[in-house]
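Here's the structure, in structure tokens; my notes come after.
Atoms considered below: every heavy atom in the structure, side chains included; atoms not considered: hydrogens, waters and symmetry mates. Throughout, numbering of the chain's residues begins at 1 and tracks the sequence.
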Amino acid sequence: MKTIKKLFPFIMLLLAVVLYYSCDEEDLNISNPNNVAEPEFFQSEADFRLAVNGMYHPVTAVFFWGRVIHTGAMLRSDAYNVIPFQQNTTMSTLEGQPGISRWAVDLYPQLYQSISRANKIIEEDAENGVLSGQVQNEILGQAHFQRAFCNWYLLNLFGTAPLVMQTPDPQNPDEFFPSNATPAMFNEAIIADLTEAVNRLPDTWGSEDLGRPTRGAALALRGKTYLYMQDWANAAADLTTVTTLGYSLLPAANYGDNFSSDSSVENNNESIYELQYVGQDNFVWGSDAPLTGTQSNWHIDYSPPHVSLDQGHVINPHIRDIFDANGDTVRRNATMVFDYPGATGYAGVPYLEDFAPSIETINALGVEPIFSVKYTGIESGLSSSAISGFGNDLGTNWRIIRYADALLMLAEALNESGATGQAVGFVNQVRDRAQISELPNNISQTELRQAIRDERVMELTGEGHRFFDLVRWGIADDILGQGSTVAGGNHPKSLAGPAAFFTPGQDEVLWIPLTELQANPNLTQNQGY
């Protein structure tokens, strides 16, 4: 091998000489078929549709939703006690610091790549005049939705990142060095984009375009944005409209279909918006290339220790206790697996047999062996050894907003605005599906507030909402802060050690990557970092 490396430069030089003398000049004067000059693009409807497809890719790819957002944000919640694994887990255990954590710089540029592509689509439409009518609405509706979607995550992940709403002007260098935007600036831009999307996107798409954002998706995300802003009236208005668009909850027996890799139950009637993935064996790590953004790799992070390429995690017992206190086995058993009667693992193998290596690992660590089910591939019917370590062969879609989530957000908006009697009915729709008792109509506002928070645990654990909920409710420090013992007498991140706890005034958001600060003198770091 060393000899070949030494000879490599000589071999390449010899090859170049041979190619030069074996080709005439006419053969060499060819264009690159994979390169499209920008002035030649955006000249047809087909060009715009290709650009829209490319716009989605950075967000679905491995450095954002394909994997890294899970280690960087979603696994930070109190639901997960993550087993440390080198630098892969320092963000999910609240130990990460700028320039140290492995994933520190990966989330940030993916969002701006997608925003840049959305900006270009919007600008080229205004300049070229190629599109019109329904086609124009479909293209621009998606571009405005995607820009809002990315800005929503920039705001809630990074807090004070730059707001980039246009392609920088090469004649104005200052535009290449934007300063931090305030949350109010982000929210204004997000609401404006989602309003455009609501007015342009169709209620449904044909089968060939299934999974693209719809008017319902734009309304739900706008309602969620208002909810996070504590604009209860506008949140309730948007989310009420969502309830009129034909969405419905799946039956209790089919609750698990909401997280299945079976394409026949993806994009079902409960799904308001989900990111589209397909199973592929030709995995390429982190490449911005066709097809590589359609592989779901979060299996590493959600699967049990004996299946994960990292070390896995357990679900904390206080999360299970909320299910048990409400008599909820439908959602509990589709969310977590432990030693309950009839529990099974991969391929239907009994839990105690299939999970024996993981149970041994967790027992040795002194915590309860409670493992995730959602997004682990357990429902696929495949054995754990038949699923690739990256999980890219599963192709499970990630459900961003489900109808159950919309109902609970609507109930929260109504309750916080004083309409508790109206709000309880929407919570009970979700509880009815889970086959548990309804909340009483005379419940107080304070009692319903806590009931909604518990309901979100039972309905949405494992779907990426919990950490954002804790932050916006102002209770992240109570649950994840230093000294918290809510997790069966332990801190929720006890497996990572005494430094793994939430620091108020810092951990609400991530840090601006150091590489960005070094490249842009107008940027400032987030508080606490």
Side-chain angles (χ1 to χ4, degrees), residues 62-63 66-97 100-104 106-107 283 285-286 296-320 335-339 345-346 349 351-378 382-394 396 461-462 464 466-467 480 487-488 490-502:
V62 66
F63 284 152
R67 186 185 181 198
V68 172
I69 192 174
H70 306 276
T71 63
M74 298 181 181
L75 289 171
R76 301 176 94 200
S77 88
D78 62 313
Y80 304 107
N81 204 343
V82 178
I83 304 172
F85 185 71
Q86 302 169 7
Q87 293 301 312
N88 282 17
T89 57
T90 53
M91 285 208 288
S92 58
T93 56
L94 298 165
E95 298 174 292
Q97 291 294 323
I100 299 174
S101 293
R102 180 179 178 187
W103 308 123
D106 295 318
L107 294 167
F283 174 65
W285 177 260
S296 49
N297 309 117
W298 49 79
H299 175 262
I300 305 171
D301 300 292
Y302 293 94
S303 56
H306 76 284
V307 178
S308 175
L309 294 180
D310 287 0
Q311 295 296 318
H313 68 266
V314 291
I315 291 182
N316 281 308
H318 72 291
I319 299 295
R320 180 202 54 200
T335 301
M336 62 187 72
V337 62
F338 56 96
D339 187 16
Y346 289 85
V349 177
Y351 164 77
L352 290 175
E353 176 184 342
D354 192 41
F355 278 64
S358 289
I359 294 170
E360 182 179 0
T361 297
I362 297 306
N363 283 338
L365 294 173
V367 294
E368 290 192 53
I370 308 171
F371 303 103
S372 288
V373 170
K374 293 177 181 177
Y375 297 112
T376 62
I378 288 178
L382 299 172
S383 68
S384 56
S385 61
I387 299 171
S388 74
F390 284 109
N392 53 289
D393 50 350
L394 289 172
T396 314
T461 289
R466 177 69 173 173
F467 185 79
L480 284 164
N490 297 316
H491 186 276
K493 302 295 182 183
S494 63
L495 294 178
F501 55 82
F502 181 90

> In chain order, what residues pass the salt bridge (Lys or Arg N to Asp or Glu O under 4.0 Å) check against Asp301, with sequence neighbours excluded?
Replying inline: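 Expected list: Arg67.
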>> Could you work out, with salt bridge (Lys or Arg N to Asp or Glu O under 4.0 Å) as the rule, every residue matching Asp393, not counting sequence neighbours?
In response: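 So Asp393 forms no salt bridge (Lys or Arg N to Asp or Glu O under 4.0 Å) with any residue.
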Please report the closest heavy-atom contact between [X] and [Y], naming both atoms and the distance.
X: Val82; Y: Leu495; answer: O-CB, 3.7 Å
X: Gly389; Y: Leu309; answer: C-CD1, 3.6 Å
X: Thr89; Y: Ile83; answer: CG2-O, 3.9 Å
X: Ile362; Y: Val367; answer: CG2-O, 3.3 Å
X: His299; Y: Val307; answer: CE1-CG1, 3.5 Å
X: Ile300; Y: Phe390; answer: CD1-CD2, 3.3 Å

How far does [atom1] of [X] sit from [atom2] of [Y], to the nearest 0.5 angstrom?
X: Ser388; Y: Asn297; atom1: OG; atom2: CG; answer: 8.0 Å
X: Ser494; Y: Leu365; atom1: OG; atom2: CG; answer: 9.0 Å
X: Ile319; Y: Thr461; atom1: CD1; atom2: OG1; answer: 5.0 Å
X: Ile315; Y: Thr335; atom1: CD1; atom2: OG1; answer: 7.0 Å
X: Ile387; Y: Leu394; atom1: CD1; atom2: CG; answer: 4.5 Å

>> Just to verify, what does Phe371 make a ring pair (Phe, Tyr, Trp, His ring centres under 6.0 Å) with, not counting sequence neighbours?
In response: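 With sequence neighbours excluded, Phe371 shows a ring pair (Phe, Tyr, Trp, His ring centres under 6.0 Å) to Phe355, given in chain and number order.
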>> So, using ring pair (Phe, Tyr, Trp, His ring centres under 6.0 Å) as the criterion, who are the partners of Phe338 when residues are at least two apart?
In response: Tyr340
> How far apart are the C-alpha atoms of Phe467 and Phe502, what are their side-chain angles, what is the distance that settles it, and do they pass the side-chain contact (heavy atoms from CB on, under 4.5 Å) test?
Replying inline: CA-CA 11 Å; Phe467 185 79; Phe502 181 90; 4.1 Å; yes
Could you check whether any side-chain heavy atom of [X] comes within less than 4.5 Å of a side-chain heavy atom of [Y], counting everything from C-beta outward?
X: Phe85; Y: Ser92; value: no
X: Ser303; Y: Tyr346; value: yes
X: Tyr302; Y: Leu75; value: yes

>> Show every side chain to side chain donor-acceptor pair (under 3.5 Å) that has at least one partner inside residues 361-374, sequence neighbours left out.
In response: Tyr255-Lys374, His313-Ser372, Arg320-Glu368, Lys374-Glu463
> What pairs of residues pass the salt bridge (Lys or Arg N to Asp or Glu O under 4.0 Å) test when at least one of them lies in residues 68-83, not counting sequence neighbours?
Replying inline: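 As it turns out, the salt bridge (Lys or Arg N to Asp or Glu O under 4.0 Å) pairs with a partner in residues 68-83, which skip direct neighbours, are Arg76-Asp507, Asp78-Arg466.
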> Does the side-chain contact (heavy atoms from CB on, under 4.5 Å) test come out yes or no for Trp298 and Ile69, once each step is laid out?
Replying inline: CA-CA 9 Å; Trp298 49 79; Ile69 192 174; over 6 Å; no
> Can you check whether Pro305's main-chain N or O pairs, donor with acceptor, with Ser308's side chain at less than 3.5 Å?
Replying inline: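 It does not hold such a pair.
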> What residue among His491, Glu95, Lys493 forms side-chain contact (heavy atoms from CB on, under 4.5 Å) with Phe501?
Replying inline: His491
> Are there more than 12 heavy atoms of other residues, nucleotides or ligands under 6.0 Å from atom CD of Glu360?
Replying inline: no
>> Could you go through Ser384 and Asp354, starting from their C-alpha distance and side-chain angles, then the distance that decides it, and tell me whether this counts as side-chain contact (heavy atoms from CB on, under 4.5 Å)?
In response: CA-CA 9 Å; Ser384 56; Asp354 192 41; 4.2 Å; yes
> Would Ile359 and Leu352 satisfy side-chain contact (heavy atoms from CB on, under 4.5 Å), going step by step from the backbone distance to the final call?
Replying inline: CA-CA 8 Å; Ile359 294 170; Leu352 290 175; 3.9 Å; yes
